[in-house]
Each structure stands twice: as structure tokens, then as C-alpha cells.
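Worksheet for the structure shown next.
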Amino acid sequence: MTHPYTTRLSAPPSGAPHPLRRVIGLFAAILFLAAAAADARWERIPEAVALLDGAEPRAGALELDLPTVTQNGSSVPLTVRFPESRGENETVEALYIFAPGNPSPEVAEFSLTPALGNGELSTRIRLNQSQPVVALARTRSGDWLAGTREVRVTVSGCITANQDNDANAMQPRARASQRVRTGQLVDVRTLIRHPMETGLRERDDGTVVPERIIQSFEARRNGETILSARFHRAVSANPYLLFHVDPRTAGGTLELTWTEDTGESASATVEVPSAP
Amino acid sequence: MKHGAFNRRNALKLMGTGGLGLLFGGAAVRGSASSRSGRVVVVGGGFGGATAAKYLKRISPGLDVTLVEPAKRYYTCPFTNLYLGGLREFESLGHGYDELRDRYGVRVVHAMAKDIDVSGKKVVLEDGSELPWDRLVLSPGIDFRWGALEGYDEAASQKAPHAWKAGPQTHLLRRQLEAMEDGGTFILVAPENPYRCPPGPYERVSMIAHYMKTHKPRSKVLLLDAKDVFSKQGLFQQGWRDNYGDRIEWVGRSDDGRVMRVDADKLEVETEFGTIHKADVLNVVPPQKAGIIAERAGVTDETGWVPVDPATFRARRAEDIYVIGDATEAAPMPKSGFVANSQAKAVARAIAAELAGLDPIAEPGWANTCYSVIAPDYGITVANVYEVHDGELREVPGSGGVSPMEATPAFRSREAAYAEAWYAAIAQDTWGTRPA
């Protein structure tokens with residue numbers, strides 16, 4: 001079977017562009033524009049439009065690592081990578097994640113300091129259906145970056161029965177890699193046991209389990225906040241966050257605090273090795 | 001369909017709708033399609049490949065079909081857990097190719113396919129000889145991503161077996177279990193999705209708990225999992241409690257079950273948040289990818305698996321190459337032997353239709369049935385039917401499900417018997433093996 005796009009075209013003897021080539025060039029241009037438009041998903045998310053306030057983000061500048069297909073929408077691993085920065089002004093100070101196909105599009109927001117070394121962030125999110133996941137980031141100089149990734153979801157993640165009991169809720173864990181390699185960031189893994197009730201789940205008797213989530217996370221060093229996060233209900237149960245710290249400038253003890261929407265909080269500490 | 005419109009094309013459409021159609025339509029096309037010729041090479045003689053070769057010949061006896069499989073006797077990964085538990089003899093999991101060769105006229109070549117010449121349309125065997133094809137079917141199963149889990153490479157698997165392919169690894173694990181002192185700890189490390197046989201790790205710990213209950217009653221099982229949810233979870237956990245009390249401990253990802261590093265010499269593993277677990281027998285199911293020959297054919301993507309056109313299972317990255325079984329990205333279909341067998345039949349129909357110059361199958365369909373044996377008289381199952389909807393594979397709504405949570409011991413016992421019958425039936429369908 002021959003596909004149209006595998007058909008080879010020969011140029012006319014004059015060397016002038018084959019008329020078909022021009023047509024194909026036009027098609028290519030249209031395809032390019034279509035691809036650019038497909039990436040501009042934030043334009044259809046009112047919360048993102050409000051955030052940008054007229055600014056035009058650099059599409060494709062953020063790299064989103066997500067599975068192409070997931071069979072468990074209740075816990076989809078997500079990693080966001082930032083473009084390499086030439087100097088502190090180009091490092092990211094704010095990151096916003098959206099899932100526009102969810103009942104509410106906001107997933108999480110992060111406020112980042114240079115102590116994080118512009119390193120990647122990983123978490124686990126809920127996706128209600130197949131949809132694009134959109135990330136927007138603002139650099140310290142005020143530039144906006146964007147990234148989009150389509151995910152196919154075969155089992156919805158928002159009303160999946162929660163098998164957790166609350167016995168272990170609010171128990172935190174944290175660990176920093178103790179191996180420091182020259183020029184590399186140290187990874188810090190954090191997790192707290194929590195049901196992250198979406199407020200969408202019904203009990204057998206038809207009553208709705210009220211929303212109850214971990215709303216914020218903060219990492220402090222010497223009393224100064226180096227990372228803060230706002231979680232929405234689309235962050236998976238047992239919120240997981242992997243971030244990085246620059247061991248040349250930010251080694252030492254990190255104090256971590258998770259706060260529930262009830263106001264209750266839990267904390268932990270983690271030792272980040274220092275590097276010269 | 002109107003009466004009287006029962007021609008070849010409609011027969012093929014009908015065949016695409018499911019198993020009944022297959023049996024019926026297979027006979028209907030035989031007469032006319034047998035005059036067509038074409039060379040089809042099938043690489044891999046497991047559930048997918050053996051079924052594809054057989055059904056190609058059943059549908060179009062005139063096709064020249066060659067099956068490439070190194071083993072003269074193929075041992076199935078399904079039911080190796082029952083061997084480990086002491087419920088089956090290993091030899092009962094072996095199947096030959098006599099029926100494919102003698103009854104269906106498949107040419108069986110016992111050699112390893114070393115490379116695929118895509119543009120020249122040839123399979124290159126390890127001795128350098130070549131098999132030309134008009135259509136190629138790859139059913140290569142899985143290979144392991146050695147080193148993707150720190151400390152776990154091929155050498156480490158000689159001390160901490162994976163036993164995720166039937167053969168020497170299965171025997172090694174069995175010998176280690178037999179040599180273990182009573183009171184020892186067996187640890188199984190389960191991977192993140194996707195991997196071969198989603199319920200496999202959970203059936204394995206069930207069967208090992210059964211072995212312990214009968215031979216080493218003071219021993220324990222620890223299952224360290226990179227996932228928070230798994231296949232037939234509620235049924236497995238209930239079955240573990242019913243049959244083994246607290247002998248099996250499952251630790252999910254959010255309780256620090258995700259293993260990040262393996263030390264095969266010390267039989268130790270280290271989890272994401274730094275807990276060290278020491279085993280007496282360590283069974284690591286490592287991260288996986290499509291069988292290596294799929295990489296050689298250039299049909300895998302960055303995930304390591306093979307993206308396929310959902311209606312035909314033609315590889316997205318090559319013309320005239322079809323891929324089936326565990327190697328494919330076919331979610332929500334699981335990587336199971338039954339699915340490979342089901343995909344093989346659909347691919348045989350698609351290739352037979354194409355080589356006969358007929359329209360593609362209008363509405364292809366697939367099915368899956370997975371039995372898991374928790375104890376000798378305690379079985380559970382999951383079943384589903386799949387279709388293409390809006391250009392993507394999906395479960396037919398309401399088509400399947402799992403065993404009920406509330407069931408009598410007699411019900412569970414019947415499902416264990418059905419599991420044995422399931423194995424006998426699919427082995428007969430795939431290799432022609434008659435039940436002993």
C-alpha cells in the first residue's frame with residue numbers, strides 16, 4: 001500500500017520549484033500553524049489567560065514528562081523540566097499546572113527560589129479523562145514559558161474509590177540523596193499520607209464525601225522559604241513531590257511543612273548534603 | 001446484512017466481530033482465498049506468534065507461512081507460578097510445533113531472528129541466512145531494561161532471579177525456595193506499569209505462600225510494589241487473608257514500597273525513602289520493553305514498546321510489519337497470553353484480507369480472560385472485550401469485570417478448576433497441545 005506522504009516528487013528540468021512543491025509548502029505552513037495552535041492550549045483555560053494577562057508564553061519551552069497512555073487516572077506521574085538557564089534571571093520563579101479536562105482545571109502552583117537550581121519537579125496528578133496537561137512558568141526576568149502534553153486516560157481518576165483508611169493520614173516522609181556529584185543537584189523526595197478527598201466521591205448511601213486536601217507545602221532553610229506549593233484536588237492521594245536543591249548554596253537542614261485545608265499541619269526535616 | 005449478500009467480503013467483516021464469526025468465516029473464505037499466495041514470516045512462537053501462524057494457514061491455506069522460534073519446545077510464562085507453588089509439573093507447561101507443521105502446513109524454523117531488513121523485506125537469522133516476506137508479524141514478547149533499576153543487570157538476575165520468562169530462571173527460583181531455611185523471608189519486587197502479566201506478581205506471591213504453608217510454615221512473603229493499585233487488588237487481598245492469614249505483606253508505593261536499588265550479592269533492596277529490606281530469596285521483576293527484535297526492526301518508540309494502528313495492529317513506524325502481544329502499546333488491553341492469542345487472530349484476518357485484495361476488517365474485536373490461582377481450590381478472574389472507538393482501543397462498556405467479592409468457597413473452587421481448563425483450552429488453540 002502506498003501512502004500519499006511517501007510519494008516522491010521529481011523537480012521539473014528547469015530547476016524551478018515543482019508546482020506541487022509549492023502546494024506542499026503551503027500545506028506544511030498550515031500544518032505548522034495548526035501545531036502551534038494545538039500547543040496554545042492555555043488560551044482555552046480562563047485561569048491561565050488571567051494569569052498571563054496578555055503576555056505571550058514561549059510554547060514548547062517546558063518539557064512535560066507524562067505517560068502517553070495511563071490506565072490509572074488517579075495517579076499519573078508528571079515531571080516538568082525547565083530550559084537550561086544562562087544566569088539566575090532565566091531561572092523559573094513560578095510554575096502552574098493545569099488539567100483542563102478535569103472538573104476544575106487547576107492542579108498545582110509552585111513558587112521557586114534559586115536554591116532549587118532550576119531543577120525539575122515531579123509529582124503525581126489525577127486526570128478525569130484523556131486530555132492535554134498544560135504547564136506555564138514565569139522566569140525571574142518575567143518571561144513566560146509553556147508546555148503541553150496529551151495523555152490518554154482509560155480509567156478516570158477523580159471518583160476512583162479511595163481504599164485508604166485515615167489511620168495513617170498526615171504521616172510525612174522525606175529523603176535527600178546523600179551522594180553529591182560535582183555540578184549536580186541533590187534530589188529531595190517528599191510524601192505525606194493523605195486521602196486528598198476531591199469532594200466528588202459518593203458514599204454507598206449517595207452522600208458526598210466532603211473535600212479534604214493538603215492545601216500547601218513549604219520547604220524552609222534557616223527559616224527562609226526556598227519552595228512553596230499550593231495543591232488542588234487534582235494532586236493524587238498521598239501527595240508526592242520530588243524537587244532539587246543546589247548543594248553548593250543550599251545544603252543543610254530543610255524544614256518541611258504540609259498544611260491541610262482544615263488548618264491542621266504536619267512537618268518533617270531532611271538533611272541536604274553540602275558541596276563546595 | 002441482507003440474505004444473499006453473503007460473499008467473501010461480508011464473511012471477512014463477520015469474522016472480525018468475534019470468535020464465533022471467526023470459526024464460521026474461516027471456513028467461508030477458504031475456497032476462494034486459497035488460490036492467493038503471499039509470504040508471511042512470523043517471529044516468535046509464543047501465544048501470539050504460534051496463533052498467528054496457525055490462523056493465517058486456517059484462513060488462507062495458500063499462504064506461505066514461516067514461523068521463526070528458537071525453542072523446539074516452548075514453555076509458557078502463564079502457570080509457572082503454579083509450578084513454583086507445587087501445583088503443576090514444569091513439563092506440563094511445554095508445547096511443541098508438530099501440529100502447526102503437520103496439520104496446518106506452517107514452515108517452522110528453529111532459529112533466533114537476529115535482525116530485520118525492513119527495506120529489503122527479509123528476516124536475518126543468526127546463521128546469516130535470510131527469510132523474505134511480503135508481510136511480517138513480530139510477536140517477540142518482552143526483554144528487560146537491564147540497569148534501569150540500579151544494581152539489577154543480567155548478572156544480578158543469576159542471584160536474584162526475575163523468573164519472568166519461563167525456563168532456567170523459573171528453575172533457579174524454585175531451587176532457591178527449596179534451599180531456603182524455614183523462617184526465611186521471600187521478597188518480590190514489583191515494577192511500575194506497564195509490564196508483562198499485570199496480576200502476575202500477585203499470583204506469584206500467592207503460590208509462594210502456598211509453598212511455604214505446606215513446606216516452610218514459619219516463612220514470610222514481602223511484596224514491595226512501585227504501584228499503589230494493582231490488578232484484581234481487592235480479590236487478591238481478600239484471598240491472601242482467607243488462605244494465608246498475615247503471611248503475605250504488601251507494601252504499596254505510598255507506604256515506601258518502591259524499590260530504587262538492588263544489591264544482589266547481599267540480597268538487599270533499598271526503597272525510595274531509604275528503608276533497607278533483607279531477603280533470603282529475592283525475586284526482582286524488572287522494568288521491561290518490547291523484545292529486542294522489535295528494536296532491530298525500528299518499530300519501537302521512546303517508551304521501548306511498539307505503537308500500532310489499533311484496527312490492524314500494523315506497526316505505526318513501518319509498512320507491512322504487524323506486531324502483537326506483550327511488545328505492543330495496546331492499553332487498555334493487558335500484556336497477557338490470552339490477549340496475544342486474540343490479537344493474533346485479528347492480525348491473521350487483517351493480513352489474509354489484505355493479501356487477498358479485500359477490504360480491511362470493518363469492526364475488529366478482541367477479548368481477554370486472566371485467571372489467577374491464589375490457592376489450589378481458590379481462583380479469581382478478570383475478563384473484558386475490546387473494540388476500536390473513535391480511532392482508539394477501549395473496553396466495550398459493560399463487557400466484562402472481575403469475580404465477585406462476595407462468593408462461596410465452592411465458587412472460588414470452581415474458578416480454580418476453570419483456570420486449569422482455561423490453560424488446556426488456550427494451549428490447544430495455540431499449539432494444538434492435547435490435554436494429558
Side-chain angles (χ1 to χ4, degrees), chain A residues 1-3 5-6 63 65-77 122 124 126 129-130 150-157 160-165 167-169 171-179 187-196 236-242 268 270-271, chain B residues 134-135 150 192-195 198 226-231 233-234 237 250 252-258 260-261 270-275 301-305 307 309-310 312 314 316 318-320 328-335 350 354-355 357 360 384 386 389-395 405:
Chain A
M1 189 186 292
T2 311
H3 286 288
Y5 53 78
T6 58
E63 189 188 332
D65 195 354
L66 282 152
T68 317
V69 185
T70 179
Q71 291 192 67
N72 176 16
S74 69
S75 183
V76 185
S122 301
R124 298 176 83 83
R126 288 174 165 141
Q129 58 183 9
S130 300
E150 287 287 338
V151 183
R152 230 184 104 211
V153 178
T154 59
V155 175
S156 159
T160 311
N162 209 324
Q163 295 183 343
D164 287 335
N165 55 39
N168 295 322
Q171 276 189 16
R173 291 181 196 271
R175 189 189 192 205
S177 169
Q178 295 305 306
R179 277 178 290 183
D187 55 71
V188 180
R189 295 162 193 275
T190 69
L191 182 144
I192 186 163
R193 288 292 300 190
H194 197 278
M196 292 295 278
S236 300
N238 309 317
Y240 173 85
L241 182 63
L242 187 165
V270 62
E271 287 301 318
Chain B
D134 298 310
R135 297 292 182 279
E150 188 185 334
E192 182 67 277
N193 290 321
Y195 61 94
K227 304 178 290 301
D228 272 334
V229 293
F230 62 84
S231 172
Q233 183 167 2
Q237 290 179 320
W250 172 74
R253 182 189 183 115
S254 290
D255 284 312
D256 199 21
R258 184 184 178 203
M260 304 293 282
R261 187 177 64 82
E270 183 179 349
T271 62
E272 180 165 28
F273 288 98
T275 311
D301 67 13
E302 67 285 352
T303 66
W305 305 101
D309 169 60
T312 59
R314 192 205 315 252
R316 287 196 189 275
E319 294 266 315
D320 301 333
T328 58
E329 288 169 24
M333 286 190 229
K335 298 186 187 301
E354 197 179 283
L355 290 175
N384 270 109
Y386 302 92
H389 179 77
D390 289 342
E392 290 182 337
L393 294 169
R394 72 160 183 184
E395 288 177 10
M405 280 297 285

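Chain A is the first sequence line, chain B the second, and so forth, proteins listed ahead of strands; every chain is numbered from 1.
- Note that CG of B:D228 is 8.5 Å distant from CG of A:N72, once rounded to the nearest 0.5 Å.
- Here the straight-line distance linking atom OG1 of A:T154 with atom CG of B:L393 works out to 10.5 Å at 0.5 Å rounding.
- Atom OG1 of A:T68 sits about 6.0 Å away from atom CD of B:E329, to the nearest 0.5 Å.
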Chi angles and distances behind the salt bridge (Lys or Arg N to Asp or Glu O under 4.0 Å) call for A:R175, B:E272: CA-CA 8 Å; A:R175 189 189 192 205; B:E272 180 165 28; over 6 Å; no

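- Ranked by non-hydrogen atom pairs under 4.5 Å with chain B, the options A:I192, A:T190, A:V69, A:L191 are led by A:L191.
- The CG atom of B:N193 sits 6.5 Å away from the CD atom of A:Q71 when rounded to the nearest 0.5 Å.
- Here OG1 of B:T271 is found 7.5 Å from CZ of A:R173. Values are rounded to the nearest 0.5 Å.
- There is no contact between B:S231 and chain A, counting heavy-atom distances below 4.5 Å.
- Heavy atoms of A:S130 lying under 4.5 Å from chain B are absent altogether.
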Kindly determine whether A:R124 and B:R253 satisfy side chain to side chain contact (heavy atoms under 4.5 Å, CB included), including the steps that lead there. CA-CA 12 Å; A:R124 298 176 83 83; B:R253 182 189 183 115; 2.9 Å; yes

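- Only the backbone of A:A174 comes within contact range of chain B, with at least one heavy atom under 4.5 Å from a heavy atom of that chain.
- With a 4.5 angstrom heavy-atom cutoff, B:D255 touches chain A via backbone and side-chain atoms both.
- Residues A:R152 and B:P332 have side chains in contact (heavy-atom distance under 4.5 Å, counting atoms from C-beta outward).
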